[in-house]
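Working notes, structure below.
To find a chain, count down the sequence lines: A is the first, B the second, and so on, and within it residues start at 1. Nothing here was measured: the structure is a model prediction, and the numbers come from that model.
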Number of protein chains: 6
Amino acid sequence: MGGITTFGETMVRLSPSPGERIETADALDFRTAGAESNVAIAAARLGADATWISKLPDSPLGRRVAGDVRRHGVDPAVTWSDEGRQGTYYIERGSEPRGTNVIYDRADAAVTSMTASEAPTDAVESADVFFTTGITPALSETLRETTADLLETASTTAFDLNYRGKLWSPERARETLETLLPNVGLLFVPERDARTVLGAEGSAEAIGADLRDRFDCEAVVVTRGSDGALASTGAGVVEQDAFAAETVDPIGTGDAFVGAFLSRYVRDASVATALEWGAAAASLKRTIEGDHAVITEGEVADVVAADGTDIDR
Amino acid sequence: MGGITTFGETMVRLSPSPGERIETADALDFRTAGAESNVAIAAARLGADATWISKLPDSPLGRRVAGDVRRHGVDPAVTWSDEGRQGTYYIERGSEPRGTNVIYDRADAAVTSMTASEAPTDAVESADVFFTTGITPALSETLRETTADLLETASTTAFDLNYRGKLWSPERARETLETLLPNVGLLFVPERDARTVLGAEGSAEAIGADLRDRFDCEAVVVTRGSDGALASTGAGVVEQDAFAAETVDPIGTGDAFVGAFLSRYVRDASVATALEWGAAAASLKRTIEGDHAVITEGEVADVVAADGTDIDR
Amino acid sequence: MGGITTFGETMVRLSPSPGERIETADALDFRTAGAESNVAIAAARLGADATWISKLPDSPLGRRVAGDVRRHGVDPAVTWSDEGRQGTYYIERGSEPRGTNVIYDRADAAVTSMTASEAPTDAVESADVFFTTGITPALSETLRETTADLLETASTTAFDLNYRGKLWSPERARETLETLLPNVGLLFVPERDARTVLGAEGSAEAIGADLRDRFDCEAVVVTRGSDGALASTGAGVVEQDAFAAETVDPIGTGDAFVGAFLSRYVRDASVATALEWGAAAASLKRTIEGDHAVITEGEVADVVAADGTDIDR
Amino acid sequence: MGGITTFGETMVRLSPSPGERIETADALDFRTAGAESNVAIAAARLGADATWISKLPDSPLGRRVAGDVRRHGVDPAVTWSDEGRQGTYYIERGSEPRGTNVIYDRADAAVTSMTASEAPTDAVESADVFFTTGITPALSETLRETTADLLETASTTAFDLNYRGKLWSPERARETLETLLPNVGLLFVPERDARTVLGAEGSAEAIGADLRDRFDCEAVVVTRGSDGALASTGAGVVEQDAFAAETVDPIGTGDAFVGAFLSRYVRDASVATALEWGAAAASLKRTIEGDHAVITEGEVADVVAADGTDIDR
Amino acid sequence: MGGITTFGETMVRLSPSPGERIETADALDFRTAGAESNVAIAAARLGADATWISKLPDSPLGRRVAGDVRRHGVDPAVTWSDEGRQGTYYIERGSEPRGTNVIYDRADAAVTSMTASEAPTDAVESADVFFTTGITPALSETLRETTADLLETASTTAFDLNYRGKLWSPERARETLETLLPNVGLLFVPERDARTVLGAEGSAEAIGADLRDRFDCEAVVVTRGSDGALASTGAGVVEQDAFAAETVDPIGTGDAFVGAFLSRYVRDASVATALEWGAAAASLKRTIEGDHAVITEGEVADVVAADGTDIDR
Amino acid sequence: MGGITTFGETMVRLSPSPGERIETADALDFRTAGAESNVAIAAARLGADATWISKLPDSPLGRRVAGDVRRHGVDPAVTWSDEGRQGTYYIERGSEPRGTNVIYDRADAAVTSMTASEAPTDAVESADVFFTTGITPALSETLRETTADLLETASTTAFDLNYRGKLWSPERARETLETLLPNVGLLFVPERDARTVLGAEGSAEAIGADLRDRFDCEAVVVTRGSDGALASTGAGVVEQDAFAAETVDPIGTGDAFVGAFLSRYVRDASVATALEWGAAAASLKRTIEGDHAVITEGEVADVVAADGTDIDR
């Protein structure tokens, strides 16, 4: 089977136009989104085989989620359920000084009751890399256990810390993550989360080295927003600048980074190449509405080669 | 204070355009709706003082609901809560042979924890008529108790049976309703619900008389869709035909009927007049998108006077 | 020069989607419309040379009106003015029992101050037919005089009675029209207006004969909506059934009829042919949003030849 | 492998809103459509494994087509090409007396150069049923040959005559089809096409028997629009009424019929059941915008069981 | 009663999308707006009791205006009129070098005939602060008198100079304002208007002191766009910087400033706090489409506390 | 006759909203565009008589193109054809680092078969200036010949080099252009194209002098994007800075420059004035969606006079 297998919740995403508010909008943009399916979509679009494992309500909303994932070439390995809701989030995009506001309405989603036995074992075990994020164990006690089980089952694992303050406190997050990360081979962590949640200190390089050491990871990728990213591996440190971007929609940028990284990683590209593709995909994602990196290998290669043009005609 | 006070849940309403499906739609029409606020809105727009009692999450979604109600002249008597969701429903409008599909996502709404002590006593006690529907007690055990308490507190009460098969079984509904209806003065009941839930039999007239007798109501209004409506009172039976309508959106038709009926009822209009306004408002509602009867007294009067014209210019 | 010259006001037309109401709509459909430019557009699209005379404010709104007329091949002979507004109307499309509601906001339009000296004499005198409607003299005393002057100046004249109850009373209309109609050669009159305004009586045929006699017209075309139309000429009476139509937007139907009639009339087609094209164009207009008959000669010919098909592929 | 494999062109579909015209519309609805992928989509959504074979330009337009097909669960077996266009069609939806107008812009589509060697042999040979339509061989001489080759290669074949007068004359169509149909096991043919193109005569039943005989088909399904359908098989004739439908968009109705029929056929359902599912899916498709039958097995089963309701809540 | 009472015209606001022009747009964004109701809305949303006095046509357009005001918690004290139009303005949003263009179509609005006797005396007399702007007396001679009368009637008064060059000349404005300002306690004045209209000179501080002296005001707030604002009071001068903002729609920024200022002022907050809330609300308004400050107390408090975040999730 | 006559292809232009991608968009913005009609539109809107010569399919798409051109005051001199497609292009607007992507779908357009004999000789010969661009001869061998013929026929000629790398290679372009340019009086050339295609070297000034010399032009205008433009004439060199602009849509900027330049040039304005109007119109175009310079003489004059204001009300 091989390829990339991700596991997590995908939500319905509802948003008024930029500049409009939920209090007065007459229509909402209707999309779907979830860190783990976002990653699978980016990877699949960049040439990887990708499977996404989750549990969805057997309803038009659940089917919508599966269809959106499938459209981009990801195989949805879904357990259909008659119980539990479809997780939902609302997003009001702001501009300075009004921050973008995310309103989660994801309690009691069908996925929160998903056990390891409901996941297709083969897709986990035989994956070239099994991926999930720190959002999943934050959603329910059951998912915490399932995450732990699947990370143990998989042979090669990747994990994005992805701390969400609206889901749990830094303390609760740390407690859980410290039990999970020893089973993680490749850790992605935003520098800020490393500090807030894991109590890491010092430079990004120091953080990378510290976490790699602490959790015995094969590699730690510290992401730093517009300051780029840095990978700490046994062979040393690789740094990558962010590519400049004029942002249309920032949501999903980190997932595009990880998906593109993994798409090269499973092809045994160098860490430097994987970082470069991650950074390029992230900058492209910023120019696109919605969580999904609706991009092509050619576009990423063009950014990497700095081959952007204003208008191509 | 006086006027009409209603009590119940108001939801966010999300719908793709007619002919589009949730599985593939890119945008959803965004409105709000709830039987009891729909009734208050219809009544307020037709000249009554109207208050709507509920509990909402202190969020943009909750504020949206309150603003929509206020816009039409209803006073929202809202308990703002940090717990509980904003109830939501999705609607896919169908045409033959595909029925319109309503997908409720209303579990754990803030209102489900509302107790009688959270309701403004004055708005209940001093109302000319206090109104709720059979949806409210179906939403939670707490709301069942609150409904019972408020119906006891109020001096004049009206109730629309409004059976929803997606919320409870006919048996459970009947059990609860039989404890509530003895405190109801004016009962609205769709003929079909009277049969399914209350086990009434015979003609609409027989049903009206039976229920009035069984629950000691002042009046029972049996609504019969395109077959009109019928009021059974101590003074006898009054019948009302439905007005012909070319339907744009059928949702909310029954609430427009009740709101218009009550708007005349609190002015001591005759039952015949109240029925006529109810039927006229219901037919007008059918021509308008959304649950709300965005109509005027003049428009209802024109329908009653059969004064429609094709184009008025 | 030749061709058809029309004279009158063209307004901005603002409308919510069908089923939406002005009280709650968030966007309005934005078009332009006016009986006399509608007629010119229908005629031009069906092959006639057409000129439209009017006066517009020198503003984006005025330029919008001129551009829309030009787009369909009509030559706008416009006096640009720094005074006076752009006439506007709002339309809320209804369905039974709620009639479509037209809200005029046309007082003090620039055109209301237009004198005959501001009109291009050549376009009036040399027209194969000069056309205006009963709306124009209703708009201002000045326009009443201008209308009278231009009808006297033109050699061949056509006129659509087009009574608008929101502009003047039947009595005032009759008084004015009785001074104008003696200068009209070809009169179009809705049967209802003939009765209400001109006091005509009897059958449509009797009305046609009576009015032709009374005002010494060359021909009188009595239009009867879904009952078709009838022309009373010196050579006798010609009748024409209406073509069946599934109506999307009824506004502008009468203007399409007149424009198509005139497009054949100036080619010396028979009255029967002109009536047939009028009726066919009217039925096509009903299938199209907006006042304009965005149709082709081929489409009209197909309807006349009863050559409609469900789907042509 | 098994399942249903279809082969043909899928186009981009551009359409103004109903009532708007291409001459004046400011936006076009943007979808994709093609008889053979429509059939695959309907079948896949109703539970069948489905593969669609085609050739697409390696461009955003080509990728859009593949993504839309995949979204509904069909496996797109696409040859990506640097030559040839993306086929396109425009559709202006009409209402009486203006017929719906389809404007093809499909010349030189990438698929027109597709040879049998470019098709995945396995997906053709091992399919439970291989399906294409009379549109495909009409598109190019190369496609005529490819169609012939693939029909020979496949073990079980189905074919929808689908005559398109805008692509070829009845005479040319007949000439080609008479060489292809001997390799067809299951023939779907609109009654009108059977007469126009194949010169069949007599009742629908007679036509079915005649064609089955003439081309030695296992079964011939004669479709008759609102008059239902009829299957002529070795075991006799099975008739099926059409289900009543309020039509939103008629395009794709026939493809939904065939796709649903095949979805049951590959499960060895009886011809009567396959016809019933075909008819039910066709009626459901009519209620949905676009060519695709965005429906579920549950919905079809409800229609078959006559279990429609106005509003389900 | 207490709270804030404002008085003035509210218009319908029609605008094409940014980048579109009135000459070619097919749809217009449909909102309502007016300096005095904007101020009332901002104040009400930030916790103040607010009433807005005006006169509206008894039409769907007039009702739309009242409903929009009510939606945000303002009590509309409206005199409904059968005469006079609904004031309207069109706005084409530009970007450098094309300035945003406002096209007023507000002549003969119903409000222009409003007399002091039509205003609810109680709402004026008992208001904690009565507010209007320099737009109102510019609209008609009658409104000039009404403004003067109400400013005399009210006990505490606030006034925003709000000079509009499209309504009157600086000379005419000055003449009128010099008769009104002696009755104003709290004067808001854009620095540029102070110079152009009132002939003030020197620094902003000097202007504040000069005007306070000249008109015997309690306080003068000089607003300076991106340079902030400054209050000149008996206790000295308070300065406030503007908060940085990425502007979506600048219209209504000044009104948000005043509304937020007054919301704190009527709570006896310090001038410094009122200025800070004014500046924060103004910056938030810039991020929102339309004239209305659809904001919350929490959001203003966050800006004041510099607690913006990019994305809150 | 006089005025400006242009000759070339006009396409349908389809684009998703900025931030949306063709792969996932549900609707496309629908406009028309072509360098030569864009130039005619800009010139006509700025007061010149303008005619546009082309060949279009006799279809709704062809009529749409003609209507759009006419709307802005240009006379479309169109040969209607039953053969050939309507040229089309898709545009995906990007932001850094994703360049705006233009996808041409213009092969086999009706215009590609247009011969000089199909063009109205009078409109070419009697034009004050005849204009076309380097796009036209790139479209087909026939058009190469037609372009050569018409440039020879016309007395005064202008030409914009407009190199399109998606249509031909620099070598092929150079070969053709070197045969055409000797018949060109006024040459517009982007500095980059002069280098890439014509092999010009040195400063912009040197390039202008070189090309004027090489092709014996009356004047050469070298355009340099945000660096402005420069005209090399017999009387010396005139330089013009670009006006600052906040870009909404860059497409069509060069055409607006040329159209405005020509609108002054045919009025015998100085080269300096023509350049200034060109630069001002180009900056205004950037603020407007679509290829067309929907601008007025007043707006251009304001930019030239640096009389922009933020908001004019």
If you look at every heavy atom in B/Pro97 and D/Ser283, which pair is closest and at what distance? CG-OG, 3.2 Å
Is it the case that over 12 heavy atoms from other parts of the model lie below 6.0 angstrom from the CD atom of B/Glu201? no
Going by the side-chain hydrogen bond (donor to acceptor under 3.5 Å, both in side chains) test, name the single residue among B/Glu96, B/Arg21, B/Arg98 that passes it with D/Thr287. B/Arg98
For the student: nearest non-hydrogen atoms of B/Glu23 and D/Arg45, plus distance: OE2-NH2, 2.7 Å
Regarding D/Glu246 and B/Arg93, does a basic nitrogen lie under 4.0 Å from an acidic carboxylate oxygen? no
Pick one of side chain, backbone, both or neither for D/His292, based on which atoms fall under 4.5 Å of a heavy atom in chain B. neither
Any chance you could measure B/Thr24, atom OG1, to D/Arg71, atom CZ, to the nearest 0.5 Å? 5.5 Å
